Amino acid sequence: MSLRGVVRRAAGSLIHRLWAAIRAAGTVSPASPAGYRFRRLGEGACLSFPVGAVFGEAWIEIGDHTLVGERVSISAGMGPGVDLGPNSIVRIGGSCSIGRGSHIVGHQSIDIGDHVFTGPYVYITDQNHVYDDPEMPIGRQWPRNNPVSIGSGSWLGTGAIILPGTRIGRQCVVAGGAVVRGEFPDHSVIAGIPAKVVRHYVPGEGWLPPHLGGAEPPVPETPGDPETSGDPETSGDPETPGGLEGEAAEPTGALAGPAVPPSPADPVHTA
């Protein structure tokens, strides 16, 4: 190996060792000065370096052995130095893993259970802007809060967005890129924009799509049916394909349900 190669190899090794030392020194743990600012930072918990935007620590609780990835932003309130009252606002349970680049933005209440894992770049918030006044810039209108809870044992895929008012049960899976709002029961697979349940665990039968898990399948519209045809209350329903909300099509692949053949009584259209 040439002298130049030896020098480059030695310099690269030194840089990597130095970066590892910087990361170790910059990690926020219960023993570090930055860890003291949190309402609770449990034993074995840490925020990896480089740390994202973190403020309102006095209203943030993080449980034992929870790992927060690099560049994760966790905040309580609109900005530093604001008194948010006596209660904690953001609560992350024990043995969780929050993927790098994620954001957890709390203003009223965000409750994440134990053993919750997320992919990178997940966004969780309990506040959203409103647009009540059509003349005022939306960013200047006072936002609304709605608590968020994520049940223990759940997994949130890469890029999932959890909106205000969402309540996810225990042992749930949220597909990557899903935009989630509403209430979802335990043992659900949640996917889509807007998100809905595409799988639900039925004891003794396994993970089934909703129409095989006891729920009634949607009733197809019958051409010429006076109760549905041309009715503005049904023809623009966002729950049907082509509705006003532009709901995504049924998921395919691992999240899609088994094909259900049409009933012999159903009409077959060949045109």
Side-chain angles (χ1 to χ4, degrees), residues 23-24 26-32 34-77 87-127 147-181 183-191 195 201:
R23 290 183 63 188
T27 295
V28 177
S29 69
S32 64
Y36 299 150
R37 296 198 293 263
F38 287 84
R39 172 163 294 207
R40 180 172 183 267
L41 188 58
E43 179 183 356
C46 70
L47 283 72
S48 302
F49 182 85
V51 179
V54 178
F55 59 82
E57 294 97 324
W59 292 271
I60 298 173
E61 299 182 35
I62 299 177
D64 297 347
H65 306 293
T66 285
L67 172 64
V68 178
E70 299 175 3
R71 297 181 176 86
V72 171
S73 296
I74 307 176
S75 63
N87 301 318
S88 59
I89 290 176
V90 176
R91 294 169 295 279
I92 303 174
S95 300
C96 294
S97 178
I98 308 300
R100 67 183 181 276
S102 295
H103 288 65
I104 302 173
V105 182
H107 296 84
Q108 181 178 353
S109 177
I110 294 179
D111 203 337
I112 299 174
D114 299 327
H115 304 283
V116 172
F117 287 68
T118 85
Y121 310 110
V122 169
Y123 188 85
I124 303 170
T125 185
D126 63 356
Q127 184 179 88
V148 168
S149 65
I150 298 171
S152 295
S154 293
W155 159 258
L156 280 60
T158 301
I161 299 174
I162 311 300
L163 295 175
T166 298
R167 292 165 180 82
I168 297 173
R170 297 176 60 255
Q171 302 288 124
C172 289
V173 175
V174 177
V179 179
V180 186
R181 180 180 178 183
E183 298 191 15
F184 300 87
D186 296 348
H187 303 101
S188 297
V189 178
I190 304 161
Y201 184 75

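Please read these numbers as outputs of a predicted model, since none were measured by experiment.
Tested against Ile62 for a side chain to side chain contact (heavy atoms under 4.5 Å, CB included), the candidates Leu47, Leu67, Val28 yield a single pass: Leu47.
The main-chain N or O of Arg170 is found under 3.5 Å from a side-chain atom of Asp186 such that the two form a donor-acceptor pair. No donor-acceptor pair under 3.5 Å is formed between the side chain of Ser152 and the backbone N or O of Gly113. Judged purely by atom type and a 3.5 angstrom limit, Ser109 has no side-chain atom pairing as donor or acceptor with the backbone of Pro147. The main-chain N or O of Gln127 is found under 3.5 Å from a side-chain atom of Thr125 such that the two form a donor-acceptor pair. At distances below 3.5 Å, at least one donor-acceptor pair connects side-chain atoms of His103 with backbone N or O atoms of Gly101. A donor-acceptor pair under 3.5 Å is formed between the side chain of Arg167 and the backbone N or O of Gly165. Listed for the Asp126 side chain is no donor-acceptor partner under 3.5 Å among the backbone atoms of Pro164. A donor-acceptor pair under 3.5 Å links the side-chain atoms of Thr66 to the main chain of Ser95, judged by distance alone.
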- [ ] Check the pair Ile110 / Ile89 against side-chain contact (heavy atoms from CB on, under 4.5 Å), numbers first and verdict last.
- [x] CA-CA 6 Å; Ile110 294 179; Ile89 290 176; 5.9 Å; no
- [ ] Walk me through it: do Arg40 and Asp64 pass the test salt bridge (Lys or Arg N to Asp or Glu O under 4.0 Å)?
- [x] CA-CA 9 Å; Arg40 180 172 183 267; Asp64 297 347; 2.7 Å; yes
TODO: List the steps, then state whether side-chain contact (heavy atoms from CB on, under 4.5 Å) holds for Ile112 with Ile104.
DONE: CA-CA 10 Å; Ile112 299 174; Ile104 302 173; 4.0 Å; yes
Task: Test side-chain contact (heavy atoms from CB on, under 4.5 Å) applied to Ile162 and Ile168, step by step - done: CA-CA 9 Å; Ile162 311 300; Ile168 297 173; 4.1 Å; yes
Open item on the list: Applying side-chain contact (heavy atoms from CB on, under 4.5 Å) to Val54 and Val72, what does each step give before you reach the verdict?
Closed with: CA-CA 8 Å; Val54 178; Val72 171; over 6 Å; no
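Rounded to the nearest 0.5 angstrom, Ser188 OG and Glu183 CD are separated by 12.0 Å. In this structure, Leu163 CG and Ile124 CD1 are separated by 11.0 Å, a value rounded to the nearest 0.5 Å. A distance of 6.5 Å separates OG in Ser75 from CD1 in Ile60, rounded to the nearest 0.5 Å. With rounding to the nearest 0.5 Å, the separation of CZ in Arg100 from CD in Glu70 is 8.0 Å. In this structure, OG in Ser73 is found 9.5 Å from OH in Tyr123, a value given to the nearest 0.5 Å. Once rounded to the nearest 0.5 Å, the distance linking OH of Tyr36 with OG of Ser29 reads 8.0 Å.
Between His187 and Cys172, the closest heavy-atom pair is N-SG, 3.7 Å. Contact detail for Ser102 and Tyr121: the closest heavy-atom pair is OG-N, 3.4 Å. When all heavy atoms of Ala175 and Ala160 are compared, the closest pair comes out as O-CB, 4.1 Å. Taking all atoms of both residues into account, the shortest heavy-atom contact from Pro30 to Gly42 is CG-O, 3.1 Å. Nearest heavy-atom pair, Asn87 versus Trp59, reported as atom, atom and distance to 0.1 Å: O-CD1, 3.0 Å. Of all heavy-atom pairs between Phe49 and Thr27, the closest is CB-N, 3.9 Å.
For the residue pair Glu61 and Ser88, a side-chain donor N or O sits within less than 3.5 Å of a side-chain acceptor on the partner.
In this structure, Glu57 pairs ionically with Arg37, as a charged nitrogen and a carboxylate oxygen lie closer than 4.0 Å.
Heavy atoms of other residues, nucleotides or ligands lying less than 6.0 angstrom from CZ of Arg39 number more than 12.
In this structure the side chain of Asp111 never reaches within 4.5 angstrom of the side chain of Ile150, judged on heavy atoms.
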